[in-house]
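Each remark here refers to the structure printed beneath this line.
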Amino acid sequence: MYQALTIVHVLIALSIIGLVLLQQGRGAGAGAGFGGGSSGSLFGARGAASFLSRTTAILATLFFASSLLLAYLAGKADNKQADVMDVPAPVQAQPDLPPVASEPAPSQSDLPQEAPKADPDRSQ
């Protein structure tokens, strides 16, 4: 239901965009007054403008209604989810191996290790 309503909502929005782009601006009627001659068109002299305006208003009302319905459904779906504090923490698995005794880390130096020098007083 929610996905279908979202698709209808997007199609209404695209239809509104198309209808607004098809409509002429306020100053476009001046050229028709001097012999533009749109009286023989499909909708009559003012028929196309009023038809597009009326259709845009109807689609805008449908868009508003579908927006409210989508918001209501989204709020209702959010209330169904469990609160984070209500869900118990997951149990962590204990390792099967016993802990290893820590050993001193080997020297990470790049320098070669120097051999201990013999003490000259003890060399007999």
Side-chain angles (χ1 to χ4, degrees):
M1 167 85 177
Y2 190 77
Q3 288 84 12
L5 188 58
T6 303
I7 291 171
V8 170
H9 185 73
V10 170
L11 289 176
I12 291 172
L14 292 175
S15 300
I16 290 173
I17 292 170
L19 284 174
V20 168
L21 290 176
L22 284 176
Q23 294 179 20
Q24 296 178 351
R26 295 275 182 210
F34 295 109
S38 65
S39 62
S41 69
L42 179 64
F43 297 109
R46 283 288 296 163
S50 63
F51 172 76
L52 291 176
S53 298
R54 189 178 312 125
T55 306
T56 304
I58 292 170
L59 286 176
T61 304
L62 289 174
F63 182 80
F64 183 72
S66 66
S67 297
L68 290 176
L69 187 58
L70 281 170
Y72 173 74
L73 291 176
K76 200 172 184 182
D78 285 344
N79 290 338
K80 289 182 182 177
Q81 295 177 356
D83 191 15
V84 175
M85 298 302 289
D86 294 338
V87 178
V91 177
Q92 296 181 355
Q94 297 295 325
D96 293 336
L97 301 174
V100 178
S102 61
E103 298 176 9
S107 173
Q108 298 294 330
S109 174
D110 291 337
L111 299 174
Q113 296 294 327
E114 187 175 319
K117 294 182 181 179
D119 193 9
D121 294 334
R122 296 176 136 208
S123 61
Q124 288 185 3

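Treat the numbers as computed from the prediction; the structure is a model and nothing was measured.
- Val10 and Leu5 fall into different hydrophobic clusters, defined by Ile, Leu, Val, Met, Phe, Trp and Tyr side-chain heavy atoms under 4.5 Å apart, directly or through other members.
- Both Phe63 and Ile58 are part of a single hydrophobic cluster, where members link through side-chain heavy atoms under 4.5 Å apart.
- Of all non-hydrogen atoms in Gln23 and Leu52, the two that sit nearest each other are NE2-O, 3.2 Å.
- To the nearest 0.5 Å, atom CD1 of residue Ile12 and atom OG1 of residue Thr61 are 10.0 Å apart.
- The nearest pair of heavy atoms linking Leu70 to His9 is CD1-CG, 3.7 Å.
- Connection of Leu19 to Phe51 is established within a shared hydrophobic cluster, with ILVMFWY side chains joined at heavy-atom distances below 4.5 Å, either directly or through further cluster members.
- Annotation: the span from Leu59 atom CG to Arg54 atom CZ amounts to 13.0 Å, rounded to 0.5 Å.
- The same ILVMFWY cluster, assembled from side-chain heavy atoms under 4.5 Å apart, contains both Leu22 and Ile16.
- Under the 4.5 Å side-chain heavy-atom criterion for ILVMFWY residues, no single connected hydrophobic cluster contains both Val20 and Leu11.
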